[in-house]
Amino acid sequence: MTETEEATLTEAVPPVRHWPALDLTGTDFDPVLAELMREGPVTRIQLPNGEGWAWLVTRHDDVRMVTNDPRFGREAVMDKPVTRLAPHFIPDRGAVGFLDPPDHTRLRRSVTAAFTAKGVERVREKARDMLDEQIDRLLKDGPPADLTAAILSPFPIAVICELMGVPAADRHDMHEWTQLILSSAHGKDVSERAKREMSAYFSGLVGARGSSTAEDVTSLLGAAVGRGEVTLEEAVGLAVLLQIGGEAVTNNSGQMFYLLLTRPELAERLRAEPEIRPRAIDELLRYIPHRNAVGLSRIALEDVEIRGVRIRAGDAVYVSYLAANRDPEVFPDPEEIDFSRCPNPHVSFGFGPHYCPGGQLARLESELLVDALLDRIPGLRLAVPPEDVPFKKGALIRGPEALPVMW
């Protein structure tokens, strides 16, 4: 590198911007993130908790590069007090979210069969039947109703429990644990206790299935432990992550239906043109703000240059999938919801080795929900003004607390 290039990289260091924990309502895009995107493709941020500052990468191509580049690792995050949104940080050493290849690849491989298109199709009919039963109850009870409590929360719980091999009698406990783990409102001790309880539950379930030939996730994990391919601790950590991730559909679908009910012309188009629904769901997944701020960071394992900015070995780096999904170089008119958008290479389920394993399942559930609710309840509408729909506070994931509806 020449002296001129060295000076250019040094001068390119942007100021550190404070990013507060905002409780945002509706599907409004985070104003702080929008400002950071305008400032440049690589900025520096300080979140409410943790220590120091971290790089933020927002352009679509750069996000895909960082998330798929072995020069940025997750494992090193375990030993570094990185600035973060969550007030408490309780990862388990060896958990799949904090592993790098090849250990990450080995652990993910143990459950791949359950999350492929074929594996997810295995639960389609059961999922559709469970959803129909829930809608039958909703219609029988009559309006008004809370769509979140009646459908959007119990349906994803039932589906992920079915895929995981969790008995129906234990669904309520799973939901309670997940909500406590994902919320910052109850404090670190409550979240840690909920995670320990869920881990103990899966330890018993996976441990009992060492010779199983069933296709559910805990059976696959139990068999992998029995073959010595993964440890019980690794299997339990992965089961906890997958179970918690399965409930993300509640928040995504809550935002999706909030959008459809506040923009009825979109819902009417989906009723009139059912053939466009899969493409429309992808566009809604691109558009909705899935989370608050950013998720898990990575650590640069060597010096890397991104768009003229030097990121040094040891620096923490965040990517924003929300920002990448609004990159105008990839998505023309990114603020518009365009059901004809094609191609639509959104990164709502992540990218690279840590791509969300439940992406196929989430699409399946979204398709079933859109089909069933739009077709079976043609008069579905909000029961309150849009601004009166309560959204979650103190949560890492964005979504409505309740969705009051009439029909």
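- Summarising the geometry of Ala223 relative to Ser212, their closest heavy-atom pair is CB-O, 3.8 Å, with the distance given to 0.1 Å.
- From Asp315, atom CG reaches atom OG of Ser297 across 11.0 Å, with rounding to the nearest 0.5 Å.
- Two residues are said to be in side-chain contact when any heavy atoms from C-beta on lie closer than 4.5 Å; Tyr287 and Pro334 fail this criterion.
- Remark: the backbone N or O of Pro332 is paired with a side-chain donor or acceptor of Arg341 at under 3.5 angstrom.
- Salt-bridge check for Arg209 with Asp216: passed, with a basic side-chain N closer than 4.0 Å to an acidic carboxylate O.
- Thr250 places a side-chain N or O within 3.5 Å of a backbone atom of Leu152 that can act as its donor or acceptor partner.
- Considering every non-hydrogen atom in both Pro48 and Ala21, the closest pair reads CG-N, 3.5 Å.
- Looking only at side-chain heavy atoms (C-beta outward), Asn49 and Thr83 stay at 4.5 Å or farther from each other.
- Between Arg106 and Glu234 there is a salt bridge, with a side-chain nitrogen of the basic residue lying less than 4.0 Å from a carboxylate oxygen of the acidic one.
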Q: Would you please test Arg310 and Glu305 for salt bridge (charged side-chain N to carboxylate O under 4.0 Å, His left out) and show each step?
A: CA-CA 4 Å; Arg310 174 190 284 173; Glu305 181 188 338; over 6 Å; no
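- Under the 3.5 Å distance criterion, the side-chain polar atoms of Ser203 are left unmatched by any main-chain donor or acceptor of Ser199.
- Here the two rings, on His104 and Phe98, have centers that are 6.0 Å apart or farther.
- With a 4.5 Å cut-off on side-chain heavy atoms, Ile288 and Asn252 count as touching.
- Salt-bridge formation is detected for the pair Arg227/Glu229: a Lys NZ or Arg NE/NH1/NH2 atom is positioned less than 4.0 Å from an Asp or Glu carboxylate oxygen.
- Shown here are the ring pair (Phe, Tyr, Trp, His ring centres under 6.0 Å) partners of His346, two or more places apart in sequence or in another chain: there are none.
- For the residue pair His60 / Glu329, no side-chain donor-acceptor distance below 3.5 Å is found, with atom types taken as modelled.
- In this structure, Arg277 does not pair ionically with Glu367, as no charged nitrogen and carboxylate oxygen lie closer than 4.0 Å.
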Q: Could you give me the CA-CA distance, side-chain angles and deciding distance for Leu301 and Phe72, then say whether side-chain contact (heavy atoms from CB on, under 4.5 Å) is met?
A: CA-CA 6 Å; Leu301 304 180; Phe72 298 94; over 6 Å; no
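- The shortest distance between side-chain heavy atoms of Leu163 and Arg122 falls below 4.5 Å.
- When side chains are defined from C-beta on, Gln255 counts as touching Arg398, because their heavy atoms get closer than 4.5 Å.
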Q: Apply side-chain contact (heavy atoms from CB on, under 4.5 Å) to the pair Gln46 and Arg17, showing each step before the final yes or no.
A: CA-CA 6 Å; Gln46 183 180 48; Arg17 302 295 188 197; over 6 Å; no
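- In this structure, the side chain of Asp303 engages the main chain of Ala313 through a donor-acceptor pair within 3.5 Å.
- With rounding to the nearest 0.5 Å, the separation of CG in Leu85 from CZ in Arg291 is 6.5 Å.
- Without hydrogens or angle criteria, Thr67 side chain to Val63 main chain gives a donor-acceptor distance under 3.5 Å.
- Taking the charged nitrogens against the carboxylate oxygens, Glu125 and Arg128 do have a contact shorter than 4.0 Å, which makes a salt bridge.
- Considering CG of Leu138 and CZ of Arg376, their distance stands at 9.0 Å, rounded to 0.5 Å.
- Heavy atoms of other residues, nucleotides or ligands lying less than 6.0 angstrom from CD of Glu197 number more than 12.
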**Q.** Evaluation steps, side-chain contact (heavy atoms from CB on, under 4.5 Å), between Leu99 and Arg74
**A.** CA-CA 6 Å; Leu99 286 178; Arg74 276 275 180 81; over 6 Å; no
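- Across every non-hydrogen atom of Gly295 and Tyr318, the tightest pair is O-CE2, 3.1 Å.
- The two residues Ala235 and Val230 have their closest heavy-atom pair at CB-CG2, 4.2 Å.
- Ion pairing of Glu283 with Arg286 is present here, as a side-chain N (NZ or NE/NH1/NH2) and a carboxylate O approach within less than 4.0 Å.
- Contact between Ile151 and Pro156 at its shortest, heavy atoms only, is O-CD, 3.9 Å.
- For the pair Arg271 and Asp375, the salt-bridge criterion is not met [side-chain N within less than 4.0 Å of a carboxylate O].
- Put simply, OG1 on Thr58 and CG on Asn325 are 12.0 Å apart, with the number rounded to the nearest 0.5 Å.
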Q: Any chance you could lay out the side-chain contact (heavy atoms from CB on, under 4.5 Å) test for Lys392 and Glu401, step after step, and finish with the verdict?
A: CA-CA 5 Å; Lys392 292 183 176 178; Glu401 192 75 56; 3.5 Å; yes
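- Under the 3.5 Å distance criterion, with hydrogens and angles disregarded, no donor-acceptor pair is assigned to the side chains of Gln360 and Glu121.
- Checked by atom type and distance alone, the side chain of Ser219 never pairs as donor or acceptor with a backbone atom of Glu215 at under 3.5 Å.
- The distance from the CG atom of Asp100 to the OG1 atom of Thr105 is 9.5 Å, given to the nearest 0.5 Å.
- For the pair Val66 and Phe351, the minimum side-chain heavy-atom distance is 4.5 Å or more.
- Looking only at side-chain heavy atoms (C-beta outward), Thr43 and Trp55 stay at 4.5 Å or farther from each other.
- Summarising the geometry, atom CD belonging to Gln134 is positioned 12.0 Å from atom CG belonging to Leu139; distances are rounded to the nearest 0.5 Å.
- Relative orientation of the Tyr258 and Phe391 rings is perpendicular, given thresholds of 30° and 60° on the angle between their planes.
- Between Leu47 and Ala293 the shortest heavy-atom distance is CD2-CB, 4.2 Å.
- With respect to the salt-bridge test (charged N to carboxylate O, under 4.0 angstrom), the residues Arg59 and Asp61 do not qualify.
- For the pair Asp30 and Leu322, the minimum side-chain heavy-atom distance is 4.5 Å or more.
- In this structure, Arg279 forms no cation-pi arrangement with Phe339, as its terminal cationic atom is not both closer than 6.0 Å to the ring centre and no more than 45° off the ring axis.
- A side-chain donor-acceptor contact under 3.5 Å links Lys80 to the backbone of Gly314.
- Among Leu238, Ile244, Val240, the one residue that satisfies the side-chain contact (heavy atoms from CB on, under 4.5 Å) test with Leu242 is Leu238.
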